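Everything below concerns the one structure shown next.
Being a predicted model, the structure only gives us computed values, none of them experimental.
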Amino acid sequence: MNMIRKTEFKRMPKYLEYIRTLPCVVCKTTYDIQAAHVRYIAPCGIGIKPSDEHCLSLCQPCHAEQHSRGEEVWWKSKGLDPKEITEGLWDIFNFFENKAQAWANAVLYVEGINEFRS
């Protein structure tokens with residue numbers, strides 16, 4: 001019998017809290033930050049949020065625009081790779097046992113995201 005393995009979804013409320021403390025990865029504001037799950041880079045079903053590891057910080061206006069324009073098109077228009085960003089934030093959070101160090105490093109990471117775009 002051929003069994004399809006279910007995807008394991010990681011739910012980490014502390015990680016989402018951490019994400020909400022970071023600047024928006026697009027416009028860098030620190031106001032009204034939301035933990036935005038990026039669906040098109042993660043396996044998930046309709047109506048099911050992807051794992052929290054596929055989450056990044058977006059302000060409310062950027063988050064709303066991302067959903068209204070379609071995720072993949074919107075991210076391409078910004079010249080950013082959300083898969084790379086979510087992996088970077090997840091790795092930083094899990095690397096540092098001291099969460100203050102994780103936060104400081106994540107802020108530096110987010111602030112530097114647009115530096116190499118042309």
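Residues Glu71 and Gln66 have side chains that bring a donor and an acceptor to within less than 3.5 angstrom of each other.
Looking at every heavy atom in both residues, Ile33 comes nearest to Pro23 through CD1-C, 4.1 Å. Taking each heavy atom of Leu58 and Trp74 in turn, the nearest pair found is CD2-CH2, 4.1 Å. Smallest separation of non-hydrogen atoms from Leu22 and Val107: CD2-CG2, 3.8 Å. Cys24 approaches Cys62 most closely through the heavy-atom pair SG-SG, 3.9 Å. Residues Ile92 and Tyr18 share a closest heavy-atom pair of CG2-OH, 3.7 Å. Closest approach of Ala35 to His63, counting heavy atoms only: O-CE1, 4.2 Å.
The list of side-chain hydrogen bond (donor to acceptor under 3.5 Å, both in side chains) pairs with a residue in residues 81-95, not counting sequence neighbours, reads Lys83-Glu87.
Scored by the side chain to side chain donor-acceptor pair (under 3.5 Å) test, Thr21 finds Trp103 as partners (sequence neighbours excluded). For Glu72, the side-chain contact (heavy atoms from CB on, under 4.5 Å) partners two or more places apart in sequence, or in a different chain, are Tyr40, Lys76. Scored by the ring-ring contact (aromatic ring centres under 6.0 Å, His included) test, His37 finds no partners at all (sequence neighbours excluded). The salt bridge (charged side-chain N to carboxylate O under 4.0 Å, His left out) test applied to Arg69 returns Glu65, not counting sequence neighbours.
To the nearest 0.5 Å, the span separating CG on Leu56 from CH2 on Trp75 amounts to 4.5 Å.
Residues Leu80 and Leu108 do not share a hydrophobic cluster, clusters being chains of Ile/Leu/Val/Met/Phe/Trp/Tyr side chains in contact below 4.5 Å.
Using a 4.5 Å cut-off on side-chain heavy atoms (C-beta onward), Tyr15 and Leu89 make contact.
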